[in-house]
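First comes the structure, then the notes that go with it.
Just so we're clear, the structure is a prediction, and the values are computed from it rather than from any experiment. Along the sequence shown, residues carry numbers from 1.
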Amino acid sequence: MPYRGRSASQWMKLLGGALAALAASLVALLLALALAVPLLDWNSAKPWLGRQLSAALGRDIRVDGNLDLSWSLAQADDEASALARLLPQLRLRAERLFIGNPDWAHSSDHLVRAAALDLRFSPLPLLRWHWHVTDLRVDGLDLVMERADDQRKNWRFSSQPRSRWSFDIHRIVFGHALIRYVDLPLDLDLRFDARPLNAATNQKDSAALVMQAAVTGRYGQAEVNGQIKGGALPDLLNEGSVFPLQAEGDIGGVQTQLSGNLINPHQLSRADLRLRLAGDSLDRLYPATGVPLPATRAFRTEGALTITRLDPQTKAWDWRYSGFSGKVGDSDFAGDAQYVRGPPKNHLKVKAQAGLLRLSDYLPGDDADQGKPSKPAQPERWAKLDADIDLQAKRVQWRAGLEWQQAAAMLTLKDQVLTADPLRFKMAGGQGQGQVRLDGSQPEIRSRLQIRLQDAQVRELFPRLASLKASFSKLNGEATLSATGNSAAAVLASADGEIKADLGPGAISQFILEAAGLNLANAVFAKLYRDQQVKLLCGAADVTIQRGLATIRHGILNTEDAAIDVGGQVDLGRQTLALDIHPRTKQVRILSLRTPLHVRGSFSHPEIGADSGALAARAGAAAALALVAPVAAVIPLISPGQAAPDDCVARSR
């Protein structure tokens, strides 16, 4: 008989039969696997399972106690659909579980140690390389998490740039857990002694806060001790979650409070926090931040802190401290700051304003009340940071009675060189400008200052004179100074440069000196003559400074009665005076002055002595100002200026 092919219906029957046989085989296999789960002696299989998992995951994995795998239904309180609750789950129970670390991790020998683990998960998602964990209960948890970079995390079980496996955990229940987190790129090593946050403790806090922990460890070089409250543990592990956080404690001697949210903490991309800081000195912030701030008086500050990951490859982070305000001593400040932390170098950008900026708050000297001397600058810290700081202050107080108004400076730190250029200010109705340069590339900071002042009103320089009915002059001058040293005392002791100043016409008397609060000048006045207002024609000072020793090359106050010459030296390092005051009589007066004067001793306790001999009448008031001018001129105030009588013109060298 000739061969006849099968019809389409016959082919369909054959295909149907084959599919039915395959389905039956799969069902039989699934039934066999389903039956094997409860029937298999998993304790007998532990050695084999441990070897297979250890080889596959590249770390030691074992269960030293009982091991059991069984079927279970989802619990009634699980957040799952009605259909999901009807589907069977696998339940893994293990006692004395140990999961080791990969070879590169050195913080501990283990990732997980647990006295008991009870894990429920759905089996079907495993077919698509996903762990869907509905419930994880653990007793005696000892967890050590270490991150070397974004690929090397000891809780990742794949060497691929992105793991094939994903997971989500709905609930974690624990009674007490010891958790350590080591982050090498962030230079962070923290230990958490964690417990659930009970309802009574949490009644004043957000319902999202369910965990509390005592925290110890370090951040950078700063020791950390504190307490935190946080959200559910799954929010730390699941992709795309938000973890609420409250914390307070001590970080490197700085009292710290923060609250807010960590965005995607599993692979942290952003943190939005409210931050409060307080400490005894701003330089306490260096160990944690790497920002080389000066040693100051006690400070406090508050603002919004946002931390954003810029680039996982370069490990760069963007820290923004926005809308901050605070105080250092009696000085206030406010503004916005950005700190980009990461290669090639950390960079700080600040725009800040101050109502009052007191030098003694930011650079305190020896303070008997505080019981501690000022700390020298540490220029080696400048190498880790570049900075641009736009600073404006309504008042800058250099010392009591001496201050600038409407000061503005652009501060730049680049390659360990700090500059203030331009530097502008107002003082006593006059205008000032200058530049400052501090080179910290050597162990000893090399400083250079150029500054000038024009048309400063003496009446405004000493505000208590404003109500007096007397005429006052204008002060002008300039200063150029250079020095080497890491403290104010070292800078003064090594200073080189020159100062020039001139004083315009006015009037002076002992009463005016008393009103101005010029105690030293008033003492000189009293030594010379009784109170009498004297007309001042002009004044001038020309001072050279070498290695901290200021020598008055030319110092004079020219009055209608006499010209008062001032000479001698001021030792800036030792803060001592050695001045000589000599009047030159212009005309005969009925009253006579007693003798020329010598001023010796320290800045704080000068001693005024007299020589024998007759002096011109009414010239003592000018001598008082002559004494004040060269000493005050050491402070950078000044710019040469207006025409003056010959006696007040600076002499050539």
- [ ] Answer yes or no: is there a donor N or O on one side and an acceptor on the other, between the side chain of Ser269 and the main chain of Asn264, under 3.5 Å?
- [x] no
Open item on the list: I need the Tyr321 OH to Ile307 CD1 distance, nearest 0.5 Å.
Closed with: 12.0 Å
Task: Partners passing ring pair (Phe, Tyr, Trp, His ring centres under 6.0 Å) against Phe121 (at least two apart in sequence or in another chain) - done: Trp131
Task: Check: Thr256 side chain, Val254 main-chain N or O, donor-acceptor pair, under 3.5 Å - done: yes
Task: Glu223 bridged to Arg218 by N-O distance under 4.0 Å - done: no
Open item on the list: Quick check against the 3.5 Å criterion: does Ser487 have a side-chain atom that pairs as donor or acceptor with the backbone of Ala490?
Closed with: yes
Task: Check ion pair Lys414-Asp386 (N to O, under 4.0 angstrom) - done: yes
Open item on the list: Using only atom types and a distance under 3.5 Å, with no angle test, would you say the side chain of Glu146 pairs donor to acceptor with the backbone of His106?
Closed with: yes
Open item on the list: Using modelled atom types and a 3.5 Å cut-off, is there a donor and acceptor pairing between side-chain atoms of Arg300 and backbone atoms of Ala278?
Closed with: no
- [ ] Would you sort out whether Asp332 and Lys327 count as a salt bridge (Lys or Arg N to Asp or Glu O under 4.0 Å), showing the intermediate values?
- [x] CA-CA 4 Å; Asp332 63 277; Lys327 297 195 74 173; over 6 Å; no
- [ ] Applying salt bridge (Lys or Arg N to Asp or Glu O under 4.0 Å), name anything that partners Asp193, two or more places apart in sequence or on another chain.
- [x] none
Task: Polar contact flag, side-chain donor to acceptor under 3.5 angstrom, His130-Asp168 - done: yes
Open item on the list: Can a donor-acceptor pair be found, under 3.5 Å and without considering hydrogens, that links the side chain of Ser281 to the backbone of Thr296?
Closed with: yes
- [ ] Would you kindly say whether Asn346 and Tyr339 are connected by a side-chain donor-acceptor distance under 3.5 Å?
- [x] yes
TODO: Verify the neighbour count for atom CZ of Arg274: are there more than 12 heavy atoms of other residues, nucleotides or ligands below 6.0 Å?
DONE: yes
- [ ] Kindly confirm or rule out a cation-pi arrangement of Arg180 over Phe192, judged by NZ or CZ under 6.0 Å from the six-membered ring centre and within 45° of its axis?
- [x] no
Open item on the list: So if I apply the side chain to side chain contact (heavy atoms under 4.5 Å, CB included) rule between Arg437 and each of Val417, Asp421, Thr412, Leu418, which one comes out positive?
Closed with: Val417
Task: Nearest-0.5 Å distance, CD of residue Gln405 to NZ of residue Lys426 - done: 9.0 Å
TODO: Please identify each residue that fulfils side-chain contact (heavy atoms from CB on, under 4.5 Å) with Arg270, with sequence neighbours left out.
DONE: Ile263, Asp272, Thr306, Thr308
Open item on the list: Check this for me, if you would: do Asp415 and Lys345 make a salt bridge, where the nitrogen-to-carboxylate-oxygen distance has to be below 4.0 angstrom?
Closed with: yes
Open item on the list: Before you tell me yes or no, could you show the steps for Asp336 and Lys351 under salt bridge (Lys or Arg N to Asp or Glu O under 4.0 Å), namely the whole-Å CA-CA distance, both residues' side-chain angles and the distance that decides it to 0.1 Å?
Closed with: CA-CA 6 Å; Asp336 299 282; Lys351 186 171 185 178; over 6 Å; no
Task: Arg62 to Phe98 six-membered ring, cation-pi geometry met (6.0 Å, 45°) - done: yes
Task: Donor-acceptor under 3.5 Å (Gln338 side chain, Lys349 main chain) - done: no
Open item on the list: If we count only N and O atoms by modelled type, under 3.5 Å, do the side chains of Thr484 and Glu444 hold a donor and an acceptor together?
Closed with: no
Open item on the list: What's the separation between atom OH in Tyr362 and atom CG in Leu357, rounded to the nearest 0.5 Å?
Closed with: 5.0 Å
- [ ] Kindly say whether Ser241 contributes a backbone atom to a donor-acceptor pair with the side chain of Asp235 at under 3.5 angstrom?
- [x] no
Open item on the list: Checking Asn101 against Asn154: is there a side-chain donor and acceptor pair closer than 3.5 Å?
Closed with: yes
Task: Residue pair Leu268 / Trp317, side-chain heavy-atom distance below 4.5 Å - done: yes
Task: Carboxylate-amine/guanidinium proximity below 4.0 Å for Arg446 and Asp439 - done: yes
TODO: Can you establish whether the number of heavy atoms outside Gln546 located under 6.0 Å from its atom CD is more than 12?
DONE: no
- [ ] Measure the spacing between OG1 of Thr419 and CG of Leu438 and express it to the nearest 0.5 Å.
- [x] 9.0 Å
- [ ] Answer yes or no: is there a donor N or O on one side and an acceptor on the other, between the side chain of Asp183 and the main chain of Leu188, under 3.5 Å?
- [x] no
- [ ] Kindly confirm or rule out a cation-pi arrangement of Arg152 over Trp104, judged by NZ or CZ under 6.0 Å from the six-membered ring centre and within 45° of its axis?
- [x] yes
- [ ] Could you grab the distance from atom CG of Leu209 to atom CD of Gln246, nearest 0.5 Å is fine?
- [x] 5.0 Å
Open item on the list: I'd like to know if the side chain of Ser54 reaches the main chain of Arg59, judged simply by a donor and an acceptor atom lying under 3.5 Å from each other, with no hydrogens or angles considered.
Closed with: yes
